[in-house]
Amino acid sequence: MSWECQESIRNEYKLPSELLNHTQGLGQSREFYQAILTPSTSDATSKARDRRILGIWNGIVKLYTRGNLTKASDRLVAISGIIAAIQRRTGWLNISGLWEPFLWTQLLWGRGGSFSSQDSKSSGLTPSWSWISVSGESSFQYDFLSEHWTVIANVKRIANVTASKPGPTGTYESRMALEISCIPAKPTDPTSDEEPEFGRGFVNSLIPGFAQMRHWQDIMLDTEADFYLPIAAMSRHGILTVYGIAIVACGSCEGTFRRLGHICYDSYNQRREGIVLDHALCITTLQDQSLWKTFILV
C-alpha cells in the first residue's frame, strides 16, 4: 500500500519514491499541484502549458481507469473534482471526459491493458466517443499537440441529437454529439481476398500506395466498422503514420454513428521494402476540405 500527497510519498515496504514513480505512476499529485493548483500567470495561454496540463490529465485518466468502481455510472462523477480544478485553471470546457479545445486529440483514446474480452466490455455509459463508455483501462497513445502531428480533420461539439427510437425507459433520449469532417475510408470486406495480411484497408483512398499501408486497430467488441475517419497524420523518420477512429451506424439514432475504437496506419512495410510513398502528398490530400465528408457521432 502507498500513500501520496503534495509533500511526500510513503509505502509500507519503504521502497524508494523514484522506483514507485517509475513502476506505479505515482507522483501525479505533486505534478498536478504544481501545474493546476499553484497560481501562475507566466504561462497562462502558452502551448507549453496546454501540453503539460493535457499530459497530466491523460496520465490521470490512465491510472484512474485501471481501478474498479462500485457503480459504473460513477465513472465520470468520481473524477469530477479533478475536472473542476483543471477548468478553473484553464477555462477549458470538459465534455464527458474530453477537453473541448482539444477534441480532435482527446477523441483518439484507446483501450489499455491486454485488450481482453473483459477490457472490451461496454460500461453502459454514453456518449460512445468518450472513454467513459468502456470498462477497463483507457489511455492516450501519443502527444498529438507536438509539432510532429498534423490535423487532417475538424472535430467540434454540436447541439444534442434526439434518438429516433425510445430507450429502455420508453423515452426518446437526448444524445451528446460531435461533428467530424474528414476524408472517410471505407473498410474492405474482411472475408475477401483483398489485403489478406491486414484484413481491412483504405479501398477508396485517393492516394497512390496508401491502401497498402499496414494498420492495427482497437475495435470495441470486434464489431465491423462502417468507416474509418483519419484525424491526425505524422511524417517522421521516413514513416508516415495516420491515426483515426472507426465508426459504425447508430441503430437507435438515425443518421448518426458510434465510435468503435481507434485505428492507426503506417508505411513501415513500404519503407522496409524500399517503396517510395509521397508523405507530403498524402497529408496535403487528407487536408483538402473540398474532399471532406461530415459525420455525427453520439
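The analysis underlying the following values was restricted to heavy atoms, covering all of them including side chains, and did not include hydrogens, waters or symmetry mates.
- Atoms CG and CZ, on Leu54 and Phe102 in that order, are 6.0 Å from each other to the nearest 0.5 Å.
- At distances below 3.5 Å, at least one donor-acceptor pair connects side-chain atoms of Arg259 with backbone N or O atoms of Leu107.
- Not a single side chain to side chain donor-acceptor pair (under 3.5 Å) links Arg75 to another residue, sequence neighbours left out.
- Distance alone, capped at 3.5 Å, places no donor-acceptor pair between the Trp92 side chain and the Ile86 backbone.
- No donor-acceptor pair under 3.5 Å is formed between the side chain of Thr162 and the backbone N or O of Ser174.
- Under 3.5 Å, the side chains of Ser133 and Arg258 contain no donor-acceptor pair of N or O atoms.
- Checked by atom type and distance alone, the side chain of Ser96 never pairs as donor or acceptor with a backbone atom of Pro127 at under 3.5 Å.
- Every residue meeting the salt bridge (Lys or Arg N to Asp or Glu O under 4.0 Å) condition with Lys156, not counting sequence neighbours, appears here in chain and number order: Glu179.
- Residues Ser123 and Ser135 have side chains that never bring a donor and an acceptor to within less than 3.5 angstrom of each other.
- Every residue was checked against the side chain to side chain donor-acceptor pair (under 3.5 Å) condition with Thr150, not counting sequence neighbours, and none meets it.
- Judged purely by atom type and a 3.5 angstrom limit, Asp226 uses its side chain to pair as donor or acceptor with the backbone of Ala249.
- The other members of the hydrophobic cluster of Val298, by chain and number, are Ile158, Val161, Ile296 (side-chain heavy atoms under 4.5 Å, ILVMFWY only).
- Side-chain atoms of Thr65 come within 3.5 Å of backbone atoms of Ser138 as a donor-acceptor pair (strictly under, hydrogens ignored).
- Checked against side chain to side chain contact (heavy atoms under 4.5 Å, CB included), Leu93 has the following partners two or more places apart in sequence or in another chain: Gln87, Ile95, Glu100.
- In terms of the side chain to side chain donor-acceptor pair (under 3.5 Å) criterion, residue partners of Asp288 (sequence neighbours excluded) are, by chain and number, Ser290.
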